[in-house]
Amino acid sequence: MHTNIAKEKLKAGETIYGVFSNGVSAEMVEIMALAGFDFITIDSEHAPSSDETNRLLIMAAESRNTPIFIRTPNKLDSSILRSLDIGAQGLLLPQVNSVEEAEEIIRAAKYAPQGFRGVGLGRGADYGMGIDLPNYFKQANDNLLIAVQCENIAGVPSLDAIAQVPGVDVIFIGPFDLSQSMGIPGQINAPQVQKIMDTVLEITAKYGKYAGIFTFSVEQAKQFSKLGFRYIIAGSDLRFLSDGCIGAVKELKG
Ligand code: 3PY
Ligand code: MG
């Protein structure tokens, strides 16, 4: 089992910067890892990648010593279990709007005593080869980095309780869906959206958890870091590719 270096960095006080893999490409995963991102998150909520492909993307990231997480397509126990069994070191769960949902996620993701994760001993457990079984369960629980998304106004009253759930490490703002749920889609700098960002920063600080957020802009990522966000996803492979293409064509053709 690989040590979750991204989680270690968080614990050591660093801000970690990640990137979404939406291109379903092992090569792009390797490039992002070699560039030095702290972690990569396969976006199986939005990208057309399923477990069969995800396991290859995970192997690509591991070959470049970079932690790789999965944003699951939903909050089902089976999606959580399959992502972990193929070797994801962390999860990002969309639309977590109640304490019950957060508790169920932890039950599905952690072995006893914290939860009831099904025991498969697949690739995430080195196929059961050479592992010290009694220690494995604890190590797997400790290694995992769980981020739940705050991206719906309906979940905001539950944030305080969600942050207190043991095993929830990060509350991660999805600014686009959050603003959409407030009737102002895409207006991520609107004061009412910013107010919820402040709330997430306050609540995570209060309970010793980490605040996370997504942005397409490197400039904004730096500002979020200054505000206290510690787990920042700054763009995606497809976005970097499209920016690079647009820039090159502009240079060539004016
Ligand atoms: C959102 O902005 O809704 C997100 O989920 C970003 O990852
Ligand atoms: Mg979202």
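Everything numeric here is computed off the predicted structure, so don't read it as measured data. Atoms within a ligand are numbered from 1 in the order they appear, just like the ligands themselves.
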- Under 2.8 Å from the Mg ion (ligand 2) - protein N/O/S, by chain and number: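 Within the sphere that stays under 2.8 Å of the Mg ion (ligand 2), the protein atoms of type N, O or S are E151 OE1, D177 OD2.
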
Quick one about [Y] and [X] (side-chain donor to acceptor, distance below 3.5 Å, no hydrogens or angles considered), yes or no?
X: S49; Y: S44; answer: yes
X: Q149; Y: R71; answer: yes
X: D160; Y: Y207; answer: yes
X: Q95; Y: N97; answer: yes
X: D43; Y: N22; answer: yes

- Could you go step by step and tell me if R117 and D85 meet the salt bridge (charged side-chain N to carboxylate O under 4.0 Å, His left out) rule? CA-CA 10 Å; R117 172 178 165 188; D85 278 355; 3.1 Å; yes

- Query: Looking at the rings of F20 and F214, which for Trp means the six-membered one, are their centres under 6.0 Å apart?
  - Reply: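 They qualify: ring centres under 6.0 Å apart.
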
- Message: Tell me if the aromatic rings of F39 and Y231 count as close, with their centers under 6.0 Å from one another.
- Response: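 Yes, the ring of F39 comes within the 6.0 Å limit of the ring of Y231, centre to centre.
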
Please tabulate, one line per pair, the protein N or O atoms found under 3.5 Å from any N or O atom of ligand 1, giving the distance to one decimal.
residue: ligand 1; atom: 2 (O); partner: P175; partner atom: N; Å: 3.1
residue: ligand 1; atom: 2 (O); partner: F176; partner atom: N; Å: 2.7
residue: ligand 1; atom: 3 (O); partner: E151; partner atom: OE1; Å: 3.1
residue: ligand 1; atom: 3 (O); partner: D177; partner atom: N; Å: 2.9
residue: ligand 1; atom: 3 (O); partner: D177; partner atom: OD2; Å: 2.9
residue: ligand 1; atom: 5 (O); partner: R71; partner atom: NH1; Å: 2.9
residue: ligand 1; atom: 5 (O); partner: Q149; partner atom: NE2; Å: 3.0
residue: ligand 1; atom: 5 (O); partner: E151; partner atom: OE1; Å: 3.0
residue: ligand 1; atom: 7 (O); partner: R71; partner atom: NH1; Å: 3.0

- Query: Within a radius of less than 6.0 Å around CZ of F116, do more than 12 heavy atoms belonging to other residues, nucleotides or ligands occur?
  - Reply: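 Open.
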
